[in-house]
Amino acid sequence: GIQVEQSPPDLILQEGANSTLRCNFSDSVNNLQWFHQNPWGQLINLFYIPSGTKQNGRLSATTVATERYSLLYISSSQTTDSGVYFCAVEQFGYGQNFVFGPGTRLSVLP
Amino acid sequence: DTGVSQDPRHKITKRGQNVTFRCDPISEHNRLYWYRQTLGQGPEFLTYFQNEAQLEKSRLLSDRFSAERPKGSFSTLEIQRTEQGDSAMYLCASSLATVILHQPGELFFGEGSRLTVL
């Protein structure tokens, strides 16, 4: 099956800083989503982005499917951005479930 | 609230007991997924339904696990003879899949059901 890697595994930022999270995947994908898991465990949708670039406020994401990676940018980070960020991919031709990466744990300090 | 809802949110049980979790998806969604997440890990796929049909099951879903979606709306996940290794967060998600294009659609997750087996 497909392998999904995320980097860095942990990230500590001062409030106001910018960051880039990366998701690499080992094979072609049909779809890709970014999620934020808050401290209570809920997975919040950030982007549904099989290719191209999208922006939502301080967050933006870019997926380059041909090179098998996606990036999540967080600008002017806030303490409420803390939590774990997951990317999940749906592999082309291998059923239709999403495979999750191991996540990036982000801590934003005041 | 029109999101995905799960019940119960927390369940503590003794080893060997049976437990059942319920998931109510977003009403117009035709696809429903179950995932399991243990501490420090990403969610792992268990199974999914297209309407009432269970189309895929992970090898993680042992014989003690059974899932149903009898009328293509809500779903239940039952674990029989629970073991301590079953302790985890059980996550339900739904999506609106486009059957013709074979696209699963964007996943929306519930808040999860946390199981602790003593």
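Quick note on labels: first sequence line is chain A, next is B, and so on, each numbered from 1. These numbers come from the heavy atoms of this one structure, side chains and all, not from hydrogens, waters or symmetry mates.
- Neither the backbone nor the side chain of A:Gln6 comes within less than 4.5 Å of any heavy atom in chain B.
- In this structure, the portion of B:Gln37 lying under 4.5 Å from any heavy atom of chain A is its side chain and not its backbone.
- B:Glu106 contributes atom CD, which lies 8.5 Å from atom CZ of A:Phe98 (distance to the nearest 0.5 angstrom).
- Around the CD atom of B:Glu68, the shell of radius 6.0 Å holds no more than 12 heavy atoms that belong to other residues, nucleotides or ligands.
- Aromatic pair A:Phe100/B:Tyr35: ring centres closer than 6.0 Å.
- Other residues, nucleotides and ligands contribute more than 12 heavy atoms inside 6.0 Å of the CZ atom of A:Arg68.
- Within 6.0 Å of CD in A:Glu5 there are 12 or fewer heavy atoms belonging to other residues, nucleotides or ligands.
- Within a 6.0 Å radius of CD1 in A:Ile12, no more than 12 heavy atoms belonging to other residues, nucleotides or ligands are found.
- Counting heavy atoms of neighbouring residues, nucleotides and ligands inside a 6.0 Å radius, atom CZ of A:Arg58 exceeds 12 of them.
- Considering CG of A:Asn97 and CD of B:Glu44, their distance stands at 11.5 Å, rounded to 0.5 Å.
- Heavy atoms closer than 4.5 Å to chain A are found in the backbone of B:Gln41, but not in its side chain.
- The structure places CG of A:Leu43 at 5.5 Å from CZ of B:Phe109, a figure rounded to the nearest 0.5 Å.
- More than 12 heavy atoms of other residues, nucleotides or ligands sit less than 6.0 Å from atom CG of B:Leu118.
- Both the backbone and the side chain of B:Phe108 come within contact range of chain A, with heavy atoms under 4.5 Å apart.
- Looking at B:Leu91, the atoms closer than 4.5 Å to chain A (heavy atoms on both sides) all sit in the side chain, from C-beta outward.
- Within a 6.0 Å radius of CD1 in B:Ile12, other residues, nucleotides and ligands contribute 12 heavy atoms or fewer.
- The nearest pair of heavy atoms linking A:Phe35 to B:Leu107 is CE2-O, 3.9 Å.
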